[in-house]
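Since the structure comes first, as structure tokens, the remarks are kept for the end.
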Amino acid sequence: MDLDDDLLKAGHEACVDWMIDGCGLTVADLKAHDKPIKVPAAVWPVQPGKLLKDGFKTPSGKFEFYSNAIAAIDPKYGLDPLPSYRDPLEDQNDPETKAAYPFYLCTGARLPHAIHSRTHETPWLRSLRPDPTIEVYTTDAERLGLQNGEPVELYSPYGKIRMKVKVTARSQPGVLMTLHGYTEANVNELIGRNHLDPYSGYPGFKGMRCNIRKVQEA
Amino acid sequence: MKHVFVFDQDKCSACSACMMGCLDQNDTDLAAGDKCFRQTFDNEIPLADGGTYFAYISAACMHCVDAPCIPACPVGCLYKDPETGFTVYDNTNCIGCKSCAMACPFGAPRYRASDGKMVKCDGCNERVKNGLDPACVRACSFGALTCVTEEEYKASGSTKACNALIDQLGLRKK
Ligand code: SF4
Ligand code: SF4
Ligand code: SF4
């Protein structure tokens with residue numbers, strides 16, 4: 001891939017050097033020595049203030065509330081150098097989409113026994129919540145006639161998955177809350193590939209418009 | 001030394017680490033259909049004022065002082081360990097009649113899928129006798145579940161946990 005990025009072009013080792021910069025070692029150092037190697041920069045007690053002394057990695061060298069890097073980008077992209085609020089659903093707030101997908105799907109839920117996609121297949125942990133579960137706010141559940149344990153389908157313009165209902169007062173009205181990482185109910189399938197953070201280009205995996213409906217079988 | 005379990009529901013988050021401790025200690029075979037001796041609950045109880053009460057509970061055998069499961073067993077499987085005070089068992093003669101489960105107000109006795117014999121929380125009797133905490137207590141990072149000697153329990157003057165639990169059970173029936 002001929003990406004417009006000098007660091008990526010410099011290759012894997014240069015990228016790793018960039019990542020571990022500040023520890024006092026490079027990949028070349030690691031290759032040249034027997035392991036383990038002590039990390040020279042790891043001195044106790046930690047001396048804070050390195051960035052204040054040497055400057056931050058910003059155009060001004062200061063901690064920037066007003067980002068000079070963003071200000072340098074062509075205004076046609078509509079980015080604000082100040083950290084102003086933007087609705088994460090701004091790409092899907094047209095009246096038709098709003099009407100068809102009135103719920104905010106929040107996939108940022110956490111469970112103590114699940115670490116992303118890693119521990120879903122561990123039987124003891126999985127036993128605590130055996131089924132992929134969607135948490136529905138009490139008043140929404142009442143309105144839609146949804147009961148605990150009922151099988152439902154979640155759908156967005158991009159896909160559909162099946163989960164079981166847990167009625168809760170722990171979230172907010174209009175929010176459907178769930179966990180990512182299930183093979184058989186992959187929430188990422190509901191998220192459009194162009195739903196991206198306009199600043200970093202990172203996929204907006206944590207939120208999407210969606211809707212919910214009852215189904216016969218789980 | 002007699003021991004008691006103390007559960008402080010104000011500190012419990014229903015994280016279920018205690019269940020993991022118990023499953024591990026007892027090598028519980030979930031795939032075979034066996035169940036954890038300890039059970040956690042995260043109940044949401046709607047209140048009259050429109051609010052919600054979040055009731056986080058962890059429960060296993062209560063090791064009742066006057067344990068009704070003991071006389072209920074026709075073949076004498078259950079008994080008190082005189083040292084720890086825990087309700088322990090020897091299921092060699094168990095006929096799987098489930099009388100103990102019917103007598104137990106807390107549903108503590110379980111029946112092993114492989115041979116139908118009763119198994120239950122024994123307070124991690126061997127651990128406690130050897131100066132260790134029960135596995136579930138060891139796993140609880142919040143200090144919600146503790147196991148103390150009867151003397152310590154009396155000295156603390158606290159009936160809070162017990163009362164709270166009874167309140168909860170009353171509330172949950174609503
Ligand atoms: S480990 Fe402690 S806090 Fe977590 S569920 Fe068990 S008793 Fe509650
Ligand atoms: S099995 Fe039930 S009745 Fe027996 S000691 Fe435990 S809680 Fe009490
Ligand atoms: S005392 Fe031991 S057997 Fe009983 S619930 Fe705790 S870990 Fe399980």
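Every heavy atom of this structure was used, including side-chain atoms; hydrogens, water molecules and symmetry mates were not. Just so it is clear: chains get the letters A, B, ... in the order the sequence lines come, proteins before strands, and each one is counted from 1.
Applying the side-chain hydrogen bond (donor to acceptor under 3.5 Å, both in side chains) criterion to A:His12, with sequence neighbours excluded, gives no partner residue. Partners of A:Lys38 under the salt bridge (Lys or Arg N to Asp or Glu O under 4.0 Å) rule, at least two apart in sequence or in another chain, do not exist in this structure.
Within residues 92-101 of chain A, no residue approaches chain B closer than 4.5 Å by heavy atoms.
The structure places CG of B:Leu23 at 7.5 Å from CG of A:Leu128, a figure rounded to the nearest 0.5 Å.
Atom NZ of A:Lys50 has 12 or fewer heavy atoms from other residues, nucleotides or ligands within 6.0 Å. Counting heavy-atom neighbours within 6.0 Å of A:Lys62 NZ, excluding the residue itself, gives a total of 12 or less.
In this structure, chain B has heavy atoms under 4.5 Å from both the backbone and the side chain of A:Leu125.
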Considering distance alone, list the donor-acceptor pairs between chain A and chain B shorter than 3.5 Å.
unit_1	atom_1	unit_2	atom_2	d
A:Trp124	NE1	B:Thr28	O	3.1
A:Thr168	OG1	B:Glu44	OE1	3.3
A:Thr168	OG1	B:Glu44	OE2	2.6
A:Ala169	N	B:Glu44	OE1	2.6
A:Arg170	NH1	B:Tyr56	OH	3.2
A:Arg170	NH2	B:Asp42	OD2	3.2

